[in-house]
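The chain is numbered in sequence order, starting from 1. In each ligand, atom 1 is the first atom listed, and ligand 1 is the first ligand listed. Note that the structure is predicted; figures quoted are calculated from it, not measured.
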Amino acid sequence: MKDLIATAARILHHARHPIFLSGAGISAESGIPTFRGSEGLWKNYRAEELATPEAFARDPHLVWQWYNWRKERIAQCKPNPAHYAAAELKKLLPELLCVTQNVDGFHALAGLSEVLEMHGNIYRTRCLSCKTVTENRTEITPTTPCPACGKVPLRPDVVWFGEILPRQVMDVIYARLQIADAILVVGTSGTVYPAAGFAVEVRRRRGTVIEINTDAAHRPYADDIYLHGKAGEILPAIVDELRRLS
Ligand code: APR
């Protein structure tokens, strides 16, 4: 593992247009359930009843109950060493484009302010009438008025299944994918597109794919470097190696 970590650090150090992509696995050590793990959210809840525009139209109470529960759950947790290492990675690799599928806001909380939240953020709401997006950490119901226009309902500012992703964010990511020479993929099952296609695209352009994951059985990408283990242990080790190279 030591050699693999040294190789990964060397490749990132020399990369000119690297990408960092994280998924729910990077927050697992903070105590936030992943989606498809053994205690994953989708094992206990039905995504089609909770994370689609149709579900919200059908039963906004149920959907807000679930998001309020998740907000409460996340609020009891803290970023872990992997989140802090990602912030250090950006300092050591200023060219690194940081992207997350997570809606927990832990990357920013750990000091990585320049992170593209491609699936939105659970602590923001969006008004269905005036589209105003607002930071909101409190409990929300379908009758909570929009702070801008006073209308209801508000919805979570996250991307639900079947919805398109924020255009501005995706434009930046697709522009980088054209020139990316390396991607570091951390804690994602590689099952949800378009994120699941990023590493494939980098590989197709002869870039290097480095992956950190605890699930050796499920390797969604033809990785060049597969670092089997916890992000909270491996990412800080990569940062230490990069420091030695800088
Ligand atoms: N360190 C590294 N990897 C881990 C760790 C850990 N400590 N714990 C779990 N993992 C890995 C699991 O092996 C799995 O491959 O993280 C991955 C989590 O996968 P998912 O639960 O499928 O989460 P993710 O890939 O982020 O889901 C993608 O699906 O439900 C939607 O919008 C939601 O953004 C989410 C998207």
At a 4.0 angstrom heavy-atom cut-off, what protein residues surround ligand 1?
Gly23, Ala24, Gly25, Ala28, Glu29, Thr34, Phe35, Arg36, Trp42, Gln101, His119, Phe161, Gly187, Thr188, Ser189, Val192, Asn213, Thr214, Asp215, Gly229, Lys230, Ala231

Does the side chain of [X] pick up a donor-acceptor pair with the side chain of [Y] at under 3.5 Å?
{"X": "Ser27", "Y": "His83", "result": "yes"}
{"X": "Thr141", "Y": "His61", "result": "no"}
{"X": "Asn136", "Y": "Thr125", "result": "no"}

Hydrophobic side-chain clustering at under 4.5 Å (ILVMFWY, transitive links): who's grouped with Leu112? Put none if nobody.
Val115

Do the ring planes of Phe56 and Trp64 sit parallel (below 30°), tilted (30 to 60°) or perpendicular (above 60°)?
perpendicular

Donor-acceptor check, side chain of His228 to backbone of Thr214, threshold 3.5 angstrom: yes or no?
yes

